[in-house]
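By convention in this document, chain letters (A, B, ...) are assigned in the order of the sequence lines, proteins followed by strands, and residues within each chain are numbered from 1.
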Number of protein chains: 2
Amino acid sequence: MDIEKWKLQSRKGLIELLLLNLINQKKSIYGLEIIEFLAEAGLDLSEGTLYPLLTRLTKEGTLKPKWVTENTSGHPRKYYELTAAGKNALHSMNDHWQQMIVVFDSVKG
Amino acid sequence: MDIEKWKLQSRKGLIELLLLNLINQKKSIYGLEIIEFLAEAGLDLSEGTLYPLLTRLTKEGTLKPKWVTENTSGHPRKYYELTAAGKNALHSMNDHWQQMIVVFDSVKG
DNA sequence: AATTATACCTTGCAATACAAGGTAATATTG
DNA sequence: CAATATTACCTTGTATTGCAAGGTATAATT
């Protein structure tokens with residue numbers, strides 16, 4: 001059995017939950033900063049995964065982006081924050097996640 | 001944002017982990033019994049999800065099925081057990097899962 | 001003989017993670 | 001002052017899975 005394939009699949013959806021919780025914690029954060037933070041936390045997230053996800057969440061009204069040009073950096077950065085709807089969504093997702101943990105405990109006997 | 005869509009996606013891969021842990025706990029269990037158990041634990045799993053998954057895991061050498069005809073039931077039942085390779089795989093998966101919990105805690109900070 | 005109950009299986013669609021490759025703005029170097 | 005490097009964001013195509021819907025099979029009951 002291919003564990004790597006499973007690892008890939010188990011990330012689906014979960015990454016979205018991790019991302020929203022991170023943005024909620026940081027209040028405001030930009031793309032590469034997210035990748036750096038998660039890498040240090042032990043999760044390698046590629047740009048090809050992150051950027052389409054940020055775009056989708058923005059279109060869905062979960063995130064609100066803001067372009068910022070800073071002195072410390074070259075290219076402008078796109079900072080993301082949760083919208084009010086995004087905070088509600090995150091709350092529902094965390095609730096659902098807690099339920100999954102309960103199911104998890106029951107199968108672990 | 002569509003929470004239901006997220007719920008669907010977040011199940012990917014995770015269901016495989018739950019299933020293998022359940023079979024490990026029960027030692028031997030058949031299809032509809034799995035669905036019943038998980039339903040009581042709060043997780044609705046459809047047959048269209050379960051059976052293809054059991055078939056794949058058998059092909060991959062993770063599970064070993066055994067047909068059993070019992071007095072108490074009409075149609076014969078196909079009982080599944082973990083193979084030795086399956087137990088190793090489950091161990092790796094649970095390890096990886098623990099790492100994800102750690103990442104999770106760091107974003108909830 | 002027909003119906004019901006239990007149980008397993010298959011097909012086609014929708015959705016996401018990611019490798020690979022691309023674009024853009026600014027800073028640095030020869 | 002070009003050329004290169006750095007930082008940052010974006011797009012396309014592929015592989016994989018969850019599941020609704022519909023199907024098949026065995027045995028008991030009516």
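At distances below 3.5 Å, not a single donor-acceptor pair connects side-chain atoms of A/Glu81 with backbone N or O atoms of A/Lys64. Under the 3.5 Å distance criterion, the side-chain polar atoms of B/Asn21 are matched with a main-chain donor or acceptor of B/Leu17. Side-chain atoms of A/Glu47 never come within 3.5 Å of backbone atoms of A/Leu32 as a donor-acceptor pair (strictly under, hydrogens ignored).
Per the geometry, CG belonging to A/Leu57 stands 14 Å off C1' belonging to C/dA15, to the nearest Å. Separating the CG atom of A/Leu32 from the C1' atom of C/dA24 is a distance of 13 Å, rounded to the nearest angstrom. Note: CD1 (B/Ile29) to P (C/dT6) measures 17 Å, nearest angstrom. Between A/Glu16 atom CD and C/dC18 atom C1' there is a gap of 16 Å when expressed in whole angstrom units. Between A/Leu50 atom CG and D/dT7 atom P there is a gap of 18 Å when expressed in whole angstrom units. Put simply, CG on B/Leu14 is 16 Å from C1' on D/dC19, counting in whole angstrom units. We find that CD of B/Glu33 is positioned 12 Å from C1' of C/dA7, with the value rounded to whole Å. Residue A/Glu47 contributes atom CD, which lies 15 Å from atom P of C/dT23 at whole-angstrom precision.
In the set D/dA25, D/dT16, C/dA19, D/dT16 carries the atom at the smallest distance from any side-chain atom of A/Lys5. Out of D/dC9, C/dA7, C/dT16, the shortest distance to the side chain of B/Tyr51 is found at C/dA7. The side chain of A/Gln9 sits closest to D/dT17 out of D/dT17, C/dA17, C/dA25. In the set C/dT6, D/dC19, C/dC18, D/dC19 carries the atom at the smallest distance from any side-chain atom of B/Leu45. With distances taken from any side-chain atom of B/Ile15 to the nucleotides D/dC19, C/dC18, D/dT17, the minimum falls on D/dC19.
Between B/Arg11 and D/dC19, a side-chain N or O to OP1/OP2 separation shorter than 4.0 Å is present. For the OP1/OP2 pair of C/dC9 and a distance below 4.0 Å, the side-chain nitrogens and oxygens of B/Lys78 include at least one atom meeting the criterion. When the side-chain nitrogen and oxygen atoms of B/Arg77 are compared with OP1 and OP2 of C/dA7, one or more of them lie within a distance under 4.0 Å.
Nucleotides of DNA chain D nearest to A/Lys12 and B/Asp44 differ in position, and the one nearer the 5' end is that of A/Lys12. Of the residues near DNA chain C, B/Thr49 and B/Tyr30, the one whose nearest nucleotide (by heavy atom distance) lies more toward the 5' end is B/Tyr30.
Ring pair A/Trp6/B/His96 is perpendicular by interplanar angle, where above 60° counts as perpendicular and below 30° as parallel.
A salt bridge between A/Glu16 and A/Arg56 is present, with a side-chain N of the basic residue lying under 4.0 Å from a carboxylate O of the acidic one.
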